[in-house]
Amino acid sequence: MNPFPIILSAPSGGGKTTIARRLLERRSDVGYSVSCTTRTPRPRERDGIDYHFLTRDEFLRRRELGEFAESAEVHGNLYGTLRSEISRVLGSGRHVVMDIDVQGARQLQRVFPDSVTVFVLPPSGEVLLERLRKRQTESPQQLAKRLNSALEELRAVEEYEYVVVNDDLENTVLRVEAILDAEVVSRERVSGLRHQVESLVQRLEQEIGQPS
Ligand code: 5GP
């Protein structure tokens, strides 16, 4: 099996982080790429698990060194995916799930053209607003920024291969799992296909050549 990156994007509050976590709990063939960010940790977020929390200087220094496969400024903070995180997970034979914004997704698709891209849509405008407002850890200015970037993100939906509506968490995770399972057996991803088919053909030809 050839493991590949799975990119999940959604307007802020779309629930993609929860979807990614559920996927990890349920599947041993999936790992998570822990991103770097310059934003301050929210309550209960742990360094090295939810994110690698970096100062802006440290982030810029590491970006200069070429450590990121992609990076973007989101709501005034820097976010980036470490090349080492992607190789760590792919190297262990697991697909790597990434929860990144649309700018990052575009860059990552250029570096990893075999990535699967999934856009998570909220079921309605009201639900989206409610989810965005629920993050009580944020100031009105931060909320306004999130509303604006949610708008931008929604406009990028057409750049994604798959779209799932997050109306119910369990169903949504099941749909993402179905996408993953289908991709694993998509013709272009099946490794050694030509060899496999050739040996079948050879066997049949042998049989045809030696009629009983
Ligand atoms: P939050 O601060 O709410 O955890 O994430 C804010 C936004 O940043 C979300 O849209 C999330 O998908 C995005 N994000 C998280 N990690 C990365 C990353 O490594 N790269 C990019 N480009 N975006 C990220």
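Indexing begins at 1, ligand by ligand and atom by atom, following the structure's order.
- Thr37 and Asn77 are not linked by any side-chain donor-acceptor pair at a separation below 3.5 angstrom, with hydrogens and angles left out of the test.
- In the vicinity of Arg146, heavy-atom distances shorter than 4.0 Å reach the ligand 1 atoms 2 (O), 3 (O).
- Grouping the Ile, Leu, Val, Met, Phe, Trp and Tyr side chains by contacts below 4.5 angstrom, directly or via other members, places Phe53 apart from Val34.
- Listed by atom number, the atoms of ligand 1 under 4.0 Å from Gly104 heavy atoms are 22 (N).
- With a 4.0 Å cut-off on non-hydrogen atoms, His75 touches ligand 1 through its side chain and not its backbone.
- With a 4.0 Å heavy-atom cut-off, ligand 1 is reached by the side chain of Glu70 but not by its N, CA, C or O.
- Neither the backbone nor the side chain of Glu45 has any atom closer than 4.0 Å to an atom of ligand 1 (non-hydrogen atoms only).
- Close placement of the Phe68 and Phe59 rings is indicated, their centers lying within 6.0 Å of each other.
- Ligand 1 is approached by Lys16 to a heavy-atom distance shorter than 4.0 Å.
- Checked by distance only, ligand 1 and Glu153 stay at 3.5 Å or farther apart across all their nitrogen or oxygen atoms.
- Those atoms of ligand 1 that come under 4.0 Å of a heavy atom in Arg42, given as number and element, are 1 (P), 2 (O), 3 (O), 4 (O).
- For the pairing with Val30, the side-chain contact (heavy atoms from CB on, under 4.5 Å) check across Leu180, Val176, Val89 returns one residue only, Leu180.
- Judged by distance alone, with hydrogens and angles left aside, the side-chain atoms of Arg175 form a donor-acceptor pair with the main-chain N or O of Val165 at under 3.5 Å.
- By the 4.0 Å N-to-carboxylate-O rule, Arg63 lies too far from Glu67 to be salt-bridged with it.
- Those atoms of ligand 1 that come under 4.0 Å of a heavy atom in Ala72, given as number and element, are 22 (N).
- Atom numbering of ligand 1 starts at 1 in the shown order; those under 4.0 Å from a heavy atom of Val74 are 7 (C), 8 (O).
- By the criterion of a heavy-atom distance under 4.0 Å, the side chain of Arg39, and not its backbone, is placed next to ligand 1.
- The shortest N or O to N or O distance between Asp101 and ligand 1 is under 3.5 Å.
- Side-chain contact annotation: Gln206 with Arg203, donor-acceptor N/O pair under 3.5 Å present.
- When only modelled atom types and interatomic distance are considered, Ser92 and Arg94 share a side-chain donor-acceptor pair under 3.5 Å.
- Looking at Glu85 against ligand 1, nothing comes within 4.0 Å, counting heavy atoms.
- Contacts between Asp99 and ligand 1, counted as non-hydrogen atom pairs separated by less than 4.0 Å, involve both the backbone and the side chain.
- Side-chain contact check for Tyr162 and Glu183: at least one donor-acceptor pair (N or O, by modelled atom type) lies under 3.5 Å.
- A donor-acceptor pair is defined here as one N or O able to donate and one able to accept, closer than 3.5 Å; no such pair exists between the side chain of Thr81 and the backbone of Glu70.
- Close N/O approach between Gly80 and ligand 1 is found [any backbone or side-chain N/O within under 3.5 Å].
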